[in-house]
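Before any comments, here is the structure.
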Amino acid sequence: MATTKDYRLGEFTYPRGWFMISDAEALNTHKPVAVRFFGQDFALYRGRESGKVILLDAYCPHMKTHLAARNTTSYVVLDGGGSNVEGDGIRCPYHGWRFGSDGKCDDIPYHDGAIPAAAAVKSWKVEERYGAIWVWFDPEGGEPDFPLPTFEDWDDENVVNGKWDYLGELNQHPQEVVDNIADYGHLSPIHGSTVERFENEFKGHNAIQRQCGGHRTLVGEGGASDMLHTDTWYHGPGILVSRVSGMFNSFMMIMHTPIEDGKVKVWHNLLVRTAHGGKPGIADEVAAHQFQEASLLAFAQDFEVWAQKAPCLNPLFIPSDGPFLKARIWYKQFYNPRAKAQDYLDQCEGKYIPKGMIAYTPEPEEAAA
Ligand code: FES
Ligand SMILES: [Fe+2]
């Protein structure tokens, strides 16, 4: 397992950005969930009062009890019907100190005096959207410098929304996952694509890949398109989405979030537009779920390789490969103080086409020729 240092990404161990930390379904009960990301432990729960999702640092400042670890024996948990979530707060199972959604201790059951200001845990900025929970992580502690993206398809009544597929933990540095955005050469051997046009573009917090061509499984007779077109982009370091038109017009979502330095959690989802363009019936839902399975299998083709490969620290790239080195420079902006982001962008922004390939969006003079 290689680390951020090994890839020489920058000053910070974990990148700045929005990250998925849970499927919202995990919070359908009022039990808190213990989660670990960015080398830290957290307590994640849904407030009983507001229904809002709350993420706190896990360890009680009193004597460092985990606020959300499995506990089936403390009377704090038993009296709460199997949960120590109280209102929008959470009560520590050990001595019963209660923390509000802002992370501040607001009750110590055996103490009448003032509650020390230090009796607090950090409360994180989280959002619930697209059936998932998202957190803004910033090693510098700043406010988001780009928003959590809006995916209109999620609210489109002519689109069938998938459930999140959890692919598990991957013992690879996220750099190996992000490399995929520039990986022209793997599309045929791994995914069965016969790529006709391919390009990458790096722009601000987005790394974009556009390509089209035939495909062994994702296009077929009577589909929305006889070629597979994918317009794929990273929105910051951990959110990858792709507008896919093949058998169906669909919107793919792949999320990865660092757990430790060199280890990530990965999720996949697919939103599928109905073939007739209207509201989905049962048959559309069945077709959409089948197409999501196919999309998951396509992603599993990458995942299988990643799970077993050695870290790519000294690659042997050729000019016909995609622009991996530019993609790696783009990725560095998130591992360094945001004041330095522009220095990295100056070295990578622009459009790149592998040697011998044709651009996806031809320049006006090429289009005219
Ligand atoms: S350790 Fe949490 S209340 Fe004592
Ligand atoms: Fe891939």
Side-chain angles (χ1 to χ4, degrees), residues 32 34 41-43 56-69 71 73-77 79-80 84-86 89-100 103-111 115-116 118-122 165 167 170 172 174-195 198 200 207-213 215-218 228-234 240-242 244 246 252-256 264 266 268 270 294-309 312 321-322 324 327 354:
D41 292 310
F42 302 94
L56 302 179
D57 274 353
Y59 296 108
C60 173
H62 180 222
M63 288 176 73
K64 304 298 174 195
T65 296
H66 195 306
L67 295 171
N71 187 303
T73 51
S74 163
Y75 282 105
V76 168
V77 176
D79 293 345
N84 54 329
V85 173
E86 247 183 64
I90 188 165
R91 200 179 278 283
C92 178
Y94 205 8
H95 311 95
W97 294 24
R98 188 181 63 196
F99 300 87
K104 289 188 185 138
C105 179
D106 57 13
D107 184 45
I108 301 178
Y110 56 93
H111 173 68
I115 295 173
V121 287
K122 179 172 169 154
D165 299 306
L167 281 103
L170 179 67
Q172 283 293 351
Q175 176 66 78
E176 301 282 337
V177 179
V178 172
D179 278 344
N180 206 246
I181 194 76
D183 199 344
Y184 159 65
H186 90 301
L187 292 173
S188 168
I190 280 282
H191 298 299
S193 302
T194 39
V195 182
F198 181 97
N200 281 115
I208 306 153
Q209 180 205 86
R210 306 179 188 99
Q211 70 87 37
C212 67
H215 193 280
R216 288 201 193 180
T217 55
L218 297 179
L228 183 73
H229 289 258
T230 60
D231 183 358
T232 307
W233 66 97
Y234 266 99
L240 179 76
V241 291
S242 183
V244 181
M252 189 182 66
M253 309 162 90
I254 292 176
M255 306 301 148
H256 74 263
V264 292
V266 185
H268 164 272
L270 194 77
S295 168
L296 179 62
L297 280 177
F299 181 50
Q301 292 167 316
D302 291 303
F303 205 86
E304 186 173 25
V305 172
W306 295 340
Q308 301 167 85
K309 72 188 292 299
C312 177
D321 271 321
F324 288 107

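Just the heavy atoms: all of them, side chains too, but no hydrogens, waters or symmetry mates, feed the values below. Just so you know, ligand 1 is whichever comes first in the structure, and atom 1 is the first atom listed for that ligand. We number each residue from 1, following the sequence as shown.
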Quick note, salt bridge (Lys or Arg N to Asp or Glu O under 4.0 Å) partners involving residues 89-100, not counting sequence neighbours, are E86-R91, E86-R98, R91-D107, R98-D106
Please check if the side chain of T232 supplies one atom and the backbone of S242 the other of a donor-acceptor pair under 3.5 Å.
-> no
Check each of F299, F303, Y234 against I254 using the side chain to side chain contact (heavy atoms under 4.5 Å, CB included) test, and report the only one that passes.
-> F299
Sequence-distant partners of N180, side chain to side chain donor-acceptor pair (under 3.5 Å), two or more places apart | H186, D302
H215-H191 side chain donor-acceptor pair, cut-off 3.5 Å = no
Show all protein N/O/S atoms under 2.8 Å from atom 2 (Fe) of ligand 1, or state that there are none.
-> C60 SG, C92 SG
ring-ring contact (aromatic ring centres under 6.0 Å, His included) against H268, all qualifying residues, sequence neighbours excluded = none
Please work out the angle at the Fe ion (ligand 2) defined by atom NE2 of H191 on one side and atom OD2 of D302 on the other, rounded to 10°.
-> 90°
